[in-house]
Peer 1: 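After the structure tokens below, expect a handful of questions from me.
Here the structure is a predicted model, which is why all the values come from computation and not from measurement. Every chain is numbered from 1 and lettered A, B, ... according to where its sequence line falls, protein lines coming before strand lines. The basis for the numbers below is simple: all heavy atoms, side chains too, and nothing from hydrogens, waters or symmetry mates.
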Amino acid sequence: MPATSCFSAAGLYHRKTRSAFAISACAPSSLQARRLARSWTSFKPNAVSEERSSGNLMNGVRTRVAPSPTGDPHVGTAYVALVNYCFAKKHGGEFILRIEDTDAARSTAESEGSILEALAWCGIAWDEGPDVGGPHGPYRQSERSEIYRRYAGELLAGGQAFYCFCSEGRLHEMRAAQRAAAQPSRYDGLCLSLSSDDVQRRLAAGEEHVVRLRVPDDGVCVVSDLRRGSVEFEYRSVDMQVLVKSDGMPTYHLANVVDDHLMRITHVFRGEEWLSSAPKHLLLYSYFGWEPPKLLHLPLLRNPDKSKLSKRKNPTGILFYRALGYLPEALVNFLALLANAARDGEDELMDLAAIVRRFEVEQVPIGGPVFDVEKLNWLNARYIRERLSPEALLDRASRWASGRARFERLAELSAPRIERLSDLAPLLAFLFSGRLVLEREDLRCPKLEEVEVRQAFVLAMSELDALPAWDAPGIETVVKRIADALGKRARDVARPFYVAITGSRTSIPLFDSMELLGRDLVRERLRNALALLGPPSKREQEAWELLLAPASVPA
RNA sequence: GGCCCCAUCAUCUAGAGGCCUAGGAUGCCGCCCUCUCACGGCGGUAACGCGGGUUCGAAUCCCGCUGGGGCUACCA
């Protein structure tokens with residue numbers, strides 16, 4: 001009975017936070033710190049907790065997924081979203097989608113759009129979100145600046161956060177020294193000793209500054225994880241994280257706590273990479289006097305070599321799987337199996353309704369699973385042959401194909417190159433194929449040494465990843481820059497790309513082909529070609545990347 | 001370097017001290033079905049990382065080691 005165990009986990013949680021409070025009172029050593037001590041003693045964490053835990057904890061379950069729109073939607077995001085979705089739906093609650101775009105430099109509207117598209121494609125529906133709205137909006141953090149400013153101000157006034165004027169250089173030296181001394185990396189509190197007058201003067205002078213979280217020097221923070229139990233962190237190993245950046249935007253740490261509280265999130269199931277910053281979040285909840293949500297840190301999906309699933313080594317994009325012709329129900333089913341394994345004798349093929357029905361949060365494993373494409377293939381094949389009638393298959397396939405490419409554009413590009421309509425199929429086959437079957441021979445070309453081909457592919461992979469918008473003109477500039485760096489003509493450099501991308505030396509124009517194929521698939525084709533030639537060693541990779549960077553700047 | 005998490009077949013996992021000569025699924029191999037291939041059916045291969053405890057008894061509990069992973073940003 002999940003309700004029972006969650007309830008007891010919650011009980012444990014409250015006990016532990018209380019004791020953490022008892023031992024974490026810190027010695028005030030400055031004006032800012034004295035304010036902290038004052039608010040600390042006046043703060044009663046238990047009142048809120050007990051009031052809430054007396055009710056049925058499974059009432060009003062609200063979960064969320066909070067992706068950052070900084071790239072292609074990741075299958076890990078789908079996995080986390082699915083777990084949160086299942087838990088909420090299982091308990092009759094709401095599932096919220098929130099966009100964490102506080103990194104102004106890296107966030108893009110394009111990425112946000114594809115995240116929504118990818119999750120919707122998966123069939124994971126959110127009750128509240130940036131597109132559908134809801135009673136606790138806005139659901140895009142960049143639109144909530146006023147809210148964060150207010151709460152940061154509250155912490156500042158209470159001395160639980162402080163202004164910091166330290167330079168990047170000083171912080172760098174400080175961390176280097178700490179590492180050399182085998183100490184944890186942690187802000188040393190220099191600006192904590194600034195007098196209120198100093199702070200006011202420097203602010204008035206317009207000095208660049210951030211706001212940092214005040215972390216006690218002593219004591220232990222106990223993080224209660226639904227699956228791991230109590231995880232202890234000494235406060236002296238918890239950094240005094242930046243809460244408000246110098247551009248005035250909050251960091252994730254502040255924003256997620258404020259939003260989860262305001263949006264009445266009851267359970268936070270997020271990736272394991274957040275476990276070590278959980279103490280900062282708990283500290284914020286206690287400073288604000290809020291009850292924290294129940295926490296569960298989900299394992300990170302892995303590459304076959306067990307490292308964190310990364311696009312360098314494997315396809316990670318949800319939309320990549322769509323482009324390759326996986327069915328969303330198969331992908332979701334596969335991810336669900338990673339969260340809750342089928343029991344002996346139980347059919348592993350199940351639809352979303354069944355996944356939700358049988359979902360048990362305490363069954364979610366905490367060891368990082370390898371993303372096993374073979375098993376995904378098997379599941380996808382079963383959906384095709386067991387769940388799709390011939391008509392349905394045809395319908396799916398044609399909808400997939402028309403989603404893959406714009407046919408008018410293809411016609412325009414193909415017409416000059418064909419003699420018969422039957423020439424169309426081989427010319428365009430690459431757009432609808434998965435992995436191309438190539439020989440090392442095919443990648444040989446007259447004007448480039450093999451090592452230069454490898455260089456070109458390696459550089460292209462990283463440059464294309466960095467391209468803000470995926471279109472033919474952008475791709476063209478990348479290939480031309482690479483040609484320049486190698487001292488070759490663009491047309492000669494393009495030749496091996498034709499083979500890697502389209503599987504043929506004769507094709508519709510390269511840059512259009514790449515645009516139509518999509519970033520994920522292009523990355524995969526280049527990786528595949530590079531595997532044939534021998535992937536770069538670490539040393540080669542580093543040396544080659546220098547070819548581009550400095551060469552474009554001087555002379 | 002520091003802090004934290006994790007550890008059953010190649011892979012995903014079941015397993016909460018005796019039900020375990022460790023179960024299921026994918027992959028792989030073999031046989032059957034069959035005009036090919038695939039599907040399907042049947043069978044097989046294959047694991048408790050190591051060392052100490054605790055216990056009548058340990059895959060299950062404790063400690064150490066080893067291994068893997070994460071974090072260590074004015075990114076999330």
Peer 1: Quick check: on RNA chain B, is the nucleotide nearest Q183(A) upstream (toward 5') of the one nearest E346(A), or the reverse? Name the residue that is more 5'.
Peer 2: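 Comparing both residues, the 5'-ward one is Q183(A).
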Peer 1: Where the side chain of P369(A) is defined as all heavy atoms beyond and including C-beta, which of G69(B), C74(B), U13(B) is the nearest nucleotide?
Peer 2: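 The answer is U13(B), which lies nearest to the side chain.
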Peer 1: Which part of the nucleic acid, if any, lies within reach of P365(A) when heavy atoms closer than 4.0 Å are counted: base, sugar-phosphate only, or nothing?
Peer 2: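 The residue P365(A) makes sugar-phosphate contact but no base contact.
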Peer 1: Could you tell me the separation between the CG atom of N377(A) and the P atom of G27(B), rounded to a whole number of Å?
Peer 2: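 In whole Å, G27(B) P lies 9 Å from N377(A) CG.
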Peer 1: Return yes if the base of C4(B) and the side-chain atoms of S276(A) contain a donor-acceptor N/O pair under 3.5 Å, otherwise no.
Peer 2: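 Not at all, since no donor on one side and acceptor on the other fall under 3.5 Å apart.
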Peer 1: Going by purine N1 to pyrimidine N3 plus the second Watson-Crick contact, or the G-U wobble pair, all under 3.5 Å, which nucleotide sits opposite A38(B)?
Peer 2: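 The base-pairing partner of A38(B), which may sit in any strand shown, does not exist here.
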Peer 1: Do R202(A) and Y163(A) form a cation-pi contact, if we require the NZ or CZ to be under 6.0 Å from the six-membered ring centre and within 45 degrees of the ring's axis?
Peer 2: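 No, R202(A) does not sit over the ring of Y163(A).
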Peer 1: Working to the nearest 0.5 Å, report the span between CG of L192(A) and CG of D217(A).
Peer 2: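 One finds 8.0 Å between CG of L192(A) and CG of D217(A).
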Peer 1: Side chain of L300(A) only, please: which of G70(B), C4(B), A76(B) is the nearest?
Peer 2: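 Nearest to the side chain of L300(A) among the choices is G70(B).
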Peer 1: Check every atom of C75(B), G2(B), A76(B) against the side chain of A182(A) and return the nucleotide holding the closest atom.
Peer 2: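 Selected nucleotide (nearest to the side chain): G2(B).
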Peer 1: Can you name the one residue among R322(A), R396(A), R387(A) that meets salt bridge (charged side-chain N to carboxylate O under 4.0 Å, His left out) with E329(A)?
Peer 2: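 When R322(A), R396(A), R387(A) are each tested with E329(A), the salt bridge (charged side-chain N to carboxylate O under 4.0 Å, His left out) holds only for R396(A).
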Peer 1: Just the rounded figure in Å: distance from C1' of C4(B) to CG of L282(A).
Peer 2: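 So the two atoms are 15 Å apart, to the nearest Å.
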Peer 1: Side-chain N or O of K306(A) versus OP1/OP2 of U11(B): is the shortest distance under 4.0 Å?
Peer 2: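 For K306(A), the contact criterion (side-chain N or O under 4.0 Å from OP1 or OP2 of U11(B)) is met.
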Peer 1: Under 6.0 Å between the ring centres of H267(A) and F87(A)?
Peer 2: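 Distance test on ring centres: under 6.0 Å, yes.
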Peer 1: Would you say CZ of R435(A) has more than 12 non-hydrogen atoms from neighbouring residues, nucleotides or ligands within 6.0 angstrom?
Peer 2: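 Counting neighbours around CZ of R435(A), 12 or fewer heavy atoms of other residues, nucleotides or ligands fall under 6.0 Å, so no.
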Peer 1: When rounded to the nearest Å, what value does the distance between P atoms of U21(B) and G27(B) take?
Peer 2: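 Rounded to whole Å, the distance is 29 Å.
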Peer 1: Base, sugar-phosphate, or nothing for V370(A), non-hydrogen atoms under 4.0 angstrom?
Peer 2: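 The residue V370(A) makes sugar-phosphate contact but no base contact.
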Peer 1: In whole angstrom, give the distance that lies between atom CD of Q363(A) and atom P of A16(B).
Peer 2: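 Result: 11 Å.
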Peer 1: Check for me whether the distance between the ring centres of F320(A) and F371(A) falls short of 6.0 Å.
Peer 2: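 No; F371(A) has its ring centre 6.0 Å or more from that of F320(A).
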Peer 1: If you check the S185(A) side chain, which of G2(B), G70(B), A73(B) turns out closest?
Peer 2: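 When the side chain of S185(A) is considered, A73(B) is the closest of G2(B), G70(B), A73(B).
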Peer 1: Tell me what A342(A) touches on the nucleic acid: a base, only sugar-phosphate, or nothing, going by heavy atoms under 4.0 Å.
Peer 2: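 Result for A342(A) = nothing.
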Peer 1: With a 3.5 Å limit on both atom pairs, tell me what A7(B) is paired to, counting Watson-Crick and G-U wobble, or say none.
Peer 2: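 Pair assignment: A7(B) / U66(B).
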Peer 1: Expressed in whole Å, how much space separates the P atoms belonging to C31(B) and C39(B)?
Peer 2: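 So the two P atoms sit 15 Å from each other.
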Peer 1: Go ahead and name the base partner of C20(B); Watson-Crick or wobble counts if both distances stay under 3.5 Å, otherwise write none.
Peer 2: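 When the pairing criteria are applied, nothing turns out to pair with C20(B), so the answer is none.
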Peer 1: Of the nucleotides G69(B), A14(B), C6(B), which has the atom closest to the R228(A) side chain?
Peer 2: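 Minimum distance to the R228(A) side chain belongs to C6(B).
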Peer 1: D372(A) has a side chain; which of U11(B), C3(B), C6(B) sits nearest to it?
Peer 2: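 Taking heavy atoms from C-beta onward, the closest nucleotide is U11(B).
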Peer 1: On a whole-Å scale, what distance lies between the C1' atoms belonging to G23(B) and U66(B)?
Peer 2: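 Going atom to atom, C1' in each nucleotide, I get 29 Å.
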Peer 1: Which part of the nucleic acid, if any, lies within contact of R186(A), taking any heavy atom under 4.0 Å across all strands shown: a base, the sugar-phosphate backbone alone, or nothing?
Peer 2: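 Nothing, no nucleic acid heavy atom in range.
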Peer 1: So F334(A), base contact, sugar-phosphate only, or nothing? Heavy-atom distance under 4.0 Å.
Peer 2: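 Since no nucleic acid heavy atom lies under 4.0 Å of F334(A), the category is nothing.
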Peer 1: Quick one: label S246(A) by what it contacts on the DNA or RNA (base, sugar-phosphate, nothing), any heavy atom closer than 4.0 Å.
Peer 2: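 Result for S246(A) = base.
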Peer 1: Taking the same atom, P, in U54(B) and in A7(B), what whole-Å distance lies between them?
Peer 2: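 Between the two P atoms, the distance is 24 Å.
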Peer 1: Output the residues of residues 164-179 of chain A in contact with RNA chain B, where contact means a heavy atom of the residue under 4.0 Å from an atom of the strand; sort by number or write none.
Peer 2: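 Here the set is R175(A), R179(A).
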Peer 1: Ignoring hydrogens and angles, state whether a donor on the side chain of D260(A) or W290(A) is under 3.5 Å from an acceptor on the partner side chain.
Peer 2: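 Per modelled atom types, D260(A) and W290(A) side chains form no pair under 3.5 Å.
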Peer 1: Provide, to the nearest angstrom, the distance between the CZ atom belonging to R64(A) and the C1' atom belonging to A76(B).
Peer 2: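 Nearest whole value for this atom pair: 11 Å.
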Peer 1: For G1(B), what is the paired nucleotide under Watson-Crick or G-U wobble rules, both distances under 3.5 Å?
Peer 2: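 Paired with G1(B), as far as the under-3.5 Å criterion goes, is U72(B).
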Peer 1: Nearest whole angstrom, please: distance from the C1' of C75(B) to the CG of D465(A).
Peer 2: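 Value for this atom pair: 17 Å.
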Peer 1: Between K308(A) (side chain only) and R302(A) (backbone N and O only), is there a donor and an acceptor less than 3.5 Å apart?
Peer 2: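 Pair absent, no side-chain N/O of K308(A) close to backbone of R302(A).
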Peer 1: Which one is paired to G43(B), where only Watson-Crick or G-U wobble pairs with both distances under 3.5 angstrom count?
Peer 2: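 Checking every strand shown, G43(B) finds its partner in C29(B), with both distances under 3.5 Å.
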Peer 1: Looking only at side-chain atoms of D103(A), point me to the closest of A14(B), C4(B), C75(B).
Peer 2: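 Nucleotide nearest to D103(A)'s side chain: C75(B).
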Peer 1: Taking only the C1' atom of each, what is the distance from C20(B) to U26(B) in whole angstrom?
Peer 2: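 After rounding to an integer number of Å, I get 23 Å for this pair.
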Peer 1: Evaluate the side-chain proximity of V364(A) to L226(A): yes if any heavy-atom separation is below 4.5 Å, no if none is.
Peer 2: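 Side-chain contact under 4.5 Å: no.
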Peer 1: Rounded to the nearest Å, what distance is computed from the CZ atom of residue R358(A) to the P atom of nucleotide A14(B)?
Peer 2: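 The distance from CZ of R358(A) to P of A14(B) comes to 11 Å, rounded to the nearest Å.
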Peer 1: Using a heavy-atom cut-off of under 4.0 Å over every strand shown, decide if R212(A) touches base, sugar-phosphate, or nothing.
Peer 2: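 Touches sugar-phosphate only.
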Peer 1: Please report the distance, rounded to the nearest Å, between CH2 in W274(A) and P in A76(B).
Peer 2: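 Going from W274(A) (CH2) to A76(B) (P), I get 7 Å.
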Peer 1: Under 4.0 Å: is that the gap between some side-chain N or O of T102(A) and OP1 or OP2 of C75(B)?
Peer 2: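 No, outside the criterion.
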Peer 1: Using the closest heavy atom to pick a nucleotide of RNA chain B for each, name whichever of A181(A) or K375(A) lands nearer the 5' end.
Peer 2: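 Per heavy-atom nearest nucleotide, the more 5' residue is A181(A).
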Peer 1: Rounding to an integer number of angstrom, what distance separates G67(B) and U55(B) when you compare their P atoms?
Peer 2: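 Pairwise P distance, G67(B) against U55(B), rounds to 31 Å.
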Peer 1: Ignoring the backbone of K245(A), work out which of C75(B), G69(B), C3(B) is nearest its side chain.
Peer 2: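 Nearest to the side-chain atoms of K245(A), counting from C-beta on, is C75(B).
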Peer 1: When you measure from the side chain of E374(A), which nucleotide among G23(B), A76(B), U26(B) comes out closest?
Peer 2: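 Between G23(B), A76(B), U26(B), the one nearest the side chain of E374(A) would be U26(B).
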Peer 1: Assess the side chains of D103(A) and Y252(A): does a donor N or O sit below 3.5 Å from an acceptor N or O?
Peer 2: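 No donor-acceptor contact under 3.5 Å links the two side chains.
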Peer 1: Whole angstroms only, please: what is the CZ-P distance between R302(A) and A10(B)?
Peer 2: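 R302(A) atom CZ is separated from A10(B) atom P by 17 Å.
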Peer 1: Between C28(B) and G64(B), how far apart are the two C1' atoms, rounded to whole Å?
Peer 2: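 Approximately 38 Å lies between the C1' atom of C28(B) and that of G64(B).
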Peer 1: Using the P atom as the reference point in each nucleotide, state the distance between A47(B) and C42(B) in Å, no decimals.
Peer 2: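 The answer is 24 Å between these two P atoms.
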Peer 1: Which listed nucleotide (A76(B), C39(B), C3(B)) is nearest to the side chain of R385(A)?
Peer 2: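 Given the options A76(B), C39(B), C3(B), the side chain of R385(A) is closest to C39(B).
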Peer 1: Taking a pair as Watson-Crick or G-U wobble with both distances under 3.5 Å, which nucleotide is matched to U55(B)?
Peer 2: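 Pairing partner: none.
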Peer 1: Has E386(A) got more than 12 heavy atoms of other residues, nucleotides or ligands less than 6.0 Å from its CD?
Peer 2: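 More than 12 within 6.0 Å, yes.
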Peer 1: Hey, can you pull the donor-acceptor pairs under 3.5 Å for the side chains in residues 331-340 of chain A, sequence neighbours left out?
Peer 2:
unit_1, atom_1, unit_2, atom_2, d
N333(A), OD1, M350(A), N, 2.8
N333(A), OD1, Y383(A), OH, 2.7
N333(A), ND2, E348(A), O, 3.0
N340(A), OD1, E360(A), N, 2.7
N340(A), ND2, E360(A), O, 3.2

Peer 1: Under 4.0 Å, counting only non-hydrogen atoms across every strand here, what does S107(A) touch: a base, just sugar-phosphate, or nothing?
Peer 2: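 Nothing, no heavy atom under 4.0 Å.
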